[in-house]
Amino acid sequence: MQKIRTNTAATLPDSDEAADKDKALSLSARAMVRPAYLDSLNEAQREAITELDGAVLVLAGAGTGKTRVLTTRIAHILATGRARPGEILAVTFTNKAAREMRSRIGTLIGAQVEGMPWLGTFHAISARILRRHAELVDLTSSFTILDTDDQIRLLKQLLDVENIDEKRWPARQLAAYIDNWKNRGLLPDKVQDGESFVFAEGRGAALYAQYQKRLKELNAVDFGDLLLECLRLFQENSSVLSEYQQRLRYILVDEYQDTNVAQYLWLRLLAQGGGNVCCVGDDDQSIYGWRGAEVGNILRFEHDFPGAKVVRLEQNYRSTGHILAAASAVIANNQDRLGKTLHTEDSEGEKVKLQGCWDDEEEARCVCEDIEQLQRRGHALNEIAILVRASFQMRAFEDRFVTLGLDYRVIGGPRFYERLEVRDATAYFEATLNPSNDLKFERIINTPRRGLGDSTLNILHTHARSQSIPLMQAARTLVETEELKPAQRRSLTDLLAQFDRWRALADKMPHTELAELILDESGYTTMWQNDKSPKAASRLDNLKELIRVMEDYDSLAGFLEHVSLVMDRDGENGEDMINLMTLHSAKGLEFETVFLSGWEDGLFPHQRSLDESGAAGLEEERRLAHVGLTRAKMRAKITFAQNRRTHGLWQQAIPSRFIDELPEANVEVEQAASQYGGYGMSRFDEQESFLTGDYGTPGWQRARARKAKGGSVAAAPTLDAEYRVIASETANGSDFQLGERIFHQKFGYGAITRIDGNKLTVDFDKAGQKKVVDSFVERH
DNA sequence: TTCAATCGTCTTTTT
DNA sequence: GACGATTGAA
C-alpha cells in the first residue's frame with residue numbers, strides 16, 4: 001500500500017485527469033483532486049469511501065476489501081479536512097481489529113493516528129466515556145471491571161444469601177441470563193415477568209437487581225455494564241450526550257452484523273447528532289447470534305436510517321473460483337439474507353477436497369500428512385490453518401503435531417490474562433490499589449495458604465455485611481478483637497500490614513518493581529517455586545511475562561485497566577507455524593490452505609445450536625460454514641470422522657448436511673468414506689437415532705421451569721429484606737450499655753465492661769474477658 | 001483448616 | 001476423561 005504524508009490533499013499533484021469524470025467521486029467541489037489512495041480501488045469500494053454525508057451501509061462480502069474501505073475512508077475524511085482525528089469514532093469488536101485498523105491508517109496517513117482516541121472496541125470506548133462521567137451513574141472514576149470469575153463468585157454469594165440451591169440453579173447459568181439481558185439493553189426493572197422465570201422460579205429479575213446493587217456497592221461494573229451504563233448515562237444526561245454527538249461527527253462501525261441491541265442503541269444515540277454513519281458488515285458472516293448479536297440490525301439498516309445509501313462489495317480478491325463457488329452455494333441455502341453475489345477474476349484453482357475418516361485420530365493423521373506434503377513442496381506453515389467447530393477437537397491435532405514435531409500456534413486459545421496465576425497476581429495488585437475490592441481480596445486472602453479458610457472468611461463476611469463495609473475494613477476491626485483464633489488473627493494482621501506497606505509504596509517506586517515486590521513478599525512466587533507440578537515452571541514464566549508487559553504502561557492502574565479490557569494477547573506472528581483455531585476466531589483471517597475438520601451432523605451444525613434456535617440456529621451454523629470456506633485463498637479441504645469420542649464414549653456420526661449442499665462440480669472426493677458408499681447419498685433416515693439424548697437441553701430446562709412455576713412461588717425473603725433485618729439489629733448497635741448482659745455465639749453469656757466504637761469488651765461468664773464486635777452479640 | 005479421594009458434571013462459539 | 005465441588009480424615 002502506498003504511503004501518503006499527512007498533508008495529502010494539499011501536496012498531491014493533479015495527475016489523473018480522467019478520474020474526475022468518475023461518477024463515484026461525489027466529493028464536494030473544493031476537493032477536485034483525486035488522491036492517490038483512491039487509485040486501485042474498484043468502483044463500489046470508491047463509492048463506499050467517498051460517500052461521506054448521511055448514513056451508508058457497506059455490505060462487504062468475504063474477501064472484498066472491507067478493512068481497506070474502512071481505513072481508507074478514515075484517511076479520506078482526514079485528508080479532505082472534514083474532521084480532525086479526535087472527531088472520528090471508529091468502533092470494532094475485537095482489540096485485534098482495532099489494532100489492525102490503527103496500524104493500517106498509520107500506513108496511509110502517518111503518525112496522525114496517535115491522535116485517534118475514539119478508535120477502539122465498543123467496550124474500551126464505553127469504559128473511557130464512563131470513567132469521565134462515572135459519578136453520573138453512581139460510580140467513581142476508579143471503578144473496576146469484573147472478570148467472569150469475580151462475577152460468578154459474586155453471584156454465588158447472592159444465591160447463598162437467598163438460600164437458593166446452587167446445584168439446581170448454578171451461578172454461571174444466572175450469569176449467562178444476566179449477560180443476555182444486558183446484551184438486549186434491559187435493566188432489571190425492564191425484564192419481563194415471564195422471563196424472570198427462566199431462573200429460580202421467577203426470582204431471576206430480582207437476583208439481577210440485587211447483583212446490580214452489589215456492583216454499585218463495590219464500585220464495579222461487569223462487561224455488559226460498560227455498554228449498559230454508558231447507555232443510561234446518555235439517556236439520563238442529555239448534555240453529556242450532545243457533547244459527544246457534537247464531537248464525534250463521523251462514525252464508522254466494523255462488523256455491524258455482530259452488534260447486539262445494547263450496542264445498536266448506543267450507536268443510534270451517538271449518530272443522532274450528525275448522522276454521518278458508515279456501517280460495514282456482512283449478514284452472511286453473522287456468527288455471534290448466540291451472544292446477543294442481532295442480524296436484524298443490519299437487515300433493518302435502511303429503515304433505521306432513512307435515506308441511507310447501501311453499497312455492495314461483491315468482488316472477491318481472496319479465493320479461487322472453486323472455493324468461492326462452493327462457499328456461495330452453501331450460503332445460498334439461507335433464507336434471511338440481504339443477498340450478494342460474490343465473484344472473482346481469479347482462476348478456477350483447485351477443487352475443494354473432501355475426505356472421510358474413521359475417527360478423529362485418523363482425521364488428524366490425514367490432515368498432518370497433507371501438511372507435511374505441502375511443507376515438502378515449500379509452502380509456509382504460516383499459510384496453513386486448521387479450523388474446528390469446537391475447541392475440544394483441537395486436542396487430536398495438537399497430539400499429532402507434537403508427535404510429528406510440527407510447530408503450531410493456537411489462535412484465540414486460553415488467553416494470557418485468564419490464566420490462574422495472572423488473575424491471582426492482578427488480584428493482589430487490585431486489592432493493593434483498591435482496598436474496597438472485596439472480590440479480589442477474597443480471591444487471594446488464602447493464596448498462598450495462610451490458614452485463613454472458609455470459617456475465617458465467613459466471620460469476615462458476616463461482619464462486613466452487617467456493617468456494610470468492605471471485607472478488608474472488616475478484617476481490620478476484627479483483628480483487634482478476639483473473635484478470631486490467635487493463629488488466624490496473627491496471620492490476618494500480617495496480611496493487612498503488608499497491604500498497607502505496599503499501598504504506601506505505590507507512589508514511591510516504579511510500578512513494575514512494586515509488582516515484583518508484592519508477588520515476592522506475599523509469598524505468591526514462593527508458592528509456585530515450591531510447587532512440584534509440571535505446570536509450575538510455566539506459571540512462573542507467565543508471572544515474569546506479566547511484569548514485562550507492565551513495563552508498557554505507566555502505572556499499575558493503567559495496566560489493570562488494560563488487563564480487563566484487552567482480551568487477546570499479542571500474536572507472536574513471527575515464527576512459521578501451523579494455525580489452529582475455531583471457526584469463530586477465524587473470522588477476518590485468511591490463509592492459502594485451510595482444513596475444515598469435523599463436518600459431522602451434531603458437531604457441525606452443532607446440535608445445541610439446532611436445539612436452542614431451530615431454523616435460525618441452522619442458518620447461523622451455515623454462515624459459519626461460509627466463513628470457514630471463504631478463509632481459504634488457494635486450497636480448502638473438508639474432513640469428517642465416522643466415530644468421535646465425546647467424554648469417554650464413542651459416538652457414531654454422519655457427515656454434515658452442509659456437505660450435501662456443496663456443488664459436486666466444485667468438489668473432489670479424495671477417499672470415499674468406507675461406510676457411506678461415498679458422498680451425496682441421502683442419510684436423513686439415520687438421523688433420528690443420532691439425535692436422541694436431548695435431555696438437559698435448554699428447551700427441556702424451560703419446560704421444567706414452567707412446571708415449577710405452576711407450583712409454589714412463595715417468595716422467600718429477598719436479600720433486601722434480609723439486609724434490612726440485619727440493619728435494624730445493628731443500626732442502634734452502638735448504644736449497647738455498659739454492664740449490659742449479652743449473648744455471644746462462641747463465648748456464651750457475659751456483661752459489657754467497655755465500649756469502644758463498635759468494639760465491645762465483655763466479661764464472659766465462662767470464657768473470661770474478650771474483645772468482640774457488636775455485630776456478633778445479641779441482647780440477653 | 002488442609003489435604004486427599006470421590007463423585008458428578010460437562011464440552012460451542014467470546015467481547 | 002478432566003475439572004470442580006464436596007466429603008471425610010488428619
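Each chain gets a letter, A, B and so on, in the order the sequences are listed, and its residues count up from 1.
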Visitor: Looking for any heavy atom pair under 4.0 Å, which part of the strands does A:Arg172 touch: base, sugar-phosphate only, or nothing?
Guide: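 No contact.
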
Visitor: Quick one about A:Asn260 and A:Arg291 (side-chain donor to acceptor, distance below 3.5 Å, no hydrogens or angles considered), yes or no?
Guide: no

Visitor: Any idea which heavy atoms bring A:Asp360 and A:Ala396 closest together, and the distance?
Guide: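 Closest pair (atom of A:Asp360, atom of A:Ala396, distance): O-CB, 4.0 Å.
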
Visitor: With the side chain of A:His123 defined as its heavy atoms from C-beta on, choose the nearest nucleotide among B:dT12, B:dT15, B:dT14.
Guide: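 Side chain of A:His123 sits closest to B:dT15.
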
Visitor: Pairing donors with acceptors under 3.5 angstrom, does anything connect the side chains of A:Arg184 and A:Asn180?
Guide: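 Side chains of A:Arg184 and A:Asn180: pair found under 3.5 Å.
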
Visitor: From the set B:dT12, B:dT14, B:dT15, return the single nucleotide nearest to any side-chain atom of A:Trp290.
Guide: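 Among B:dT12, B:dT14, B:dT15, the one nearest the side chain of A:Trp290 is B:dT14.
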
Visitor: Counting only side-chain heavy atoms from C-beta out, which of B:dT14, B:dT15, B:dT13 sits nearest to A:Ser585?
Guide: B:dT14

Visitor: Sequence neighbours left out, what passes salt bridge (charged side-chain N to carboxylate O under 4.0 Å, His left out) with A:Arg644? Give chain and number order.
Guide: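 For A:Arg644, the residues satisfying salt bridge (charged side-chain N to carboxylate O under 4.0 Å, His left out) (neighbours in sequence not counted) are A:Glu363, A:Glu600.
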
Visitor: Rounded to the nearest Å, what distance is computed from the CG atom of residue A:Asn180 to the P atom of nucleotide B:dT13?
Guide: 18 Å

Visitor: Measure the distance from CD on A:Gln173 to P on B:dC10 and round it to the nearest whole Å.
Guide: 9 Å

Visitor: Rounded to the Å, how far apart are A:Leu583 CG and B:dT13 P?
Guide: 11 Å

Visitor: Could you tell me how far apart A:Leu624 (CG) and B:dT12 (C1') are, to the nearest whole angstrom?
Guide: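 Result: 9 Å.
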
Visitor: With sequence neighbours left out, what residues match A:Ala293 under side-chain contact (heavy atoms from CB on, under 4.5 Å)?
Guide: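 Listed in chain order: A:Tyr288.
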
Visitor: Output the rounded distance in Å from CE (A:Met394) to P (B:dT12).
Guide: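 Whole-Å distance recorded here is 14 Å.
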
Visitor: Between A:Lys66 and A:Asp254, does at least one N-O distance fall below 4.0 Å, as a salt bridge requires?
Guide: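 Yes, A:Lys66 and A:Asp254 are salt-bridged.
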
Visitor: Would you indicate what A:Thr456 reaches in the nucleic acid, counting non-hydrogen atoms under 4.0 angstrom: base, sugar-phosphate, or nothing?
Guide: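 Result for A:Thr456 = sugar-phosphate.
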
Visitor: Without decimals, in angstroms, what is the distance between A:Asp611 CG and B:dT12 P?
Guide: 11 Å

Visitor: Mind listing the N/O atom pairs, protein and nucleotides 5-7 of chain C, below 3.5 Å?
Guide:
residue, atom, partner, partner atom, Å
C:dA5, OP1, A:Lys156, NZ, 3.0

Visitor: For A:Arg337 and A:Glu619: C-alpha separation, side-chain torsions, deciding distance, then whether salt bridge (charged side-chain N to carboxylate O under 4.0 Å, His left out) applies.
Guide: CA-CA 10 Å; A:Arg337 302 179 64 207; A:Glu619 296 217 337; over 6 Å; no

Visitor: OP1, OP2 of B:dT2 versus side-chain N and O of A:Asn446: anything below 4.0 Å?
Guide: yes

Visitor: Go through it in stages, so that I can follow the logic: the residues are A:Arg172 and A:Asp179, the test is salt bridge (charged side-chain N to carboxylate O under 4.0 Å, His left out), and I'd like the CA-CA distance, side-chain angles, deciding distance and then a yes or no.
Guide: CA-CA 10 Å; A:Arg172 20 184 73 260; A:Asp179 200 45; over 6 Å; no

Visitor: Which residues pass the ring-ring contact (aromatic ring centres under 6.0 Å, His included) test with A:Tyr256, sequence neighbours left out?
Guide: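 Testing A:Tyr256 for ring-ring contact (aromatic ring centres under 6.0 Å, His included), a comparison that skips the adjacent residues, returns A:Phe301.
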
Visitor: Hey, what's the ring geometry for A:Trp290 with A:His584, parallel, tilted or perpendicular (30° and 60° as the breaks)?
Guide: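 The arrangement is perpendicular - the two ring planes meet at more than 60°.
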
Visitor: Quick one: which of A:Val388, A:Ile638, A:Leu580 gives a side chain to side chain contact (heavy atoms under 4.5 Å, CB included) with A:Ser597?
Guide: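 So the option named by the test is A:Val388.
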
Visitor: Can you tell me if the side-chain N/O atoms of A:Thr582 get under 4.0 Å from OP1 or OP2 in B:dT14?
Guide: yes

Visitor: For A:Glu255 and B:dT15, what is the distance between atoms CD and P respectively, to the nearest whole Å?
Guide: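 My rounded result for the distance is 13 Å.
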
Visitor: Is the base of B:dT12 stacked against the aromatic ring of A:His606, taking ring centres under 5.5 Å apart and planes under 30° as the test?
Guide: yes

Visitor: Distance only, no hydrogens: is a donor on one side chain within 3.5 Å (strictly under) of an acceptor on the other, for A:Tyr408 and A:Glu398?
Guide: yes

Visitor: A:Tyr288 side chain: which of B:dT15, B:dT12, B:dT14 is closest?
Guide: B:dT14

Visitor: Quick check, does A:Phe122 stack with B:dT15? I mean ring centres under 5.5 Å and planes off by under 30°.
Guide: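 So A:Phe122 does not count as stacking on the base.
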
Visitor: Pick out the pairs of N or O atoms, protein on one side and nucleotides 3-5 of chain B on the other, that lie under 3.5 Å.
Guide:
residue, atom, partner, partner atom, Å
B:dC3, OP2, A:Arg449, NH1, 2.4

Visitor: Rounded to whole angstrom units, what separation is found between the CG atom of A:Asn95 and the P atom of B:dT14?
Guide: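 The distance from CG of A:Asn95 to P of B:dT14 comes to 14 Å, rounded to the nearest Å.
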
Visitor: A:Arg389 has a side chain; which of B:dT11, B:dT14, B:dT12 sits nearest to it?
Guide: B:dT12

Visitor: Both atom distances under 3.5 Å, Watson-Crick or G-U wobble: I'd like the secondary structure of DNA chain C as a dot-bracket string, with | for pairs made across strands.
Guide: .|||||||||

Visitor: Kindly point out which of B:dT15, B:dT12, C:dG1 is positioned nearest to the side chain of A:Arg395?
Guide: C:dG1

Visitor: Can a salt bridge be assigned to the pair A:Arg539 and A:Glu421 using a cut-off of 4.0 Å between side-chain N and carboxylate O?
Guide: yes

Visitor: I want to check one thing: is the phosphate of B:dT14, taken as OP1 and OP2, less than 4.0 Å away from some side-chain N or O of A:Arg291?
Guide: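 No, because none of the side-chain N or O atoms of A:Arg291 sits under 4.0 Å from OP1 or OP2 of B:dT14.
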
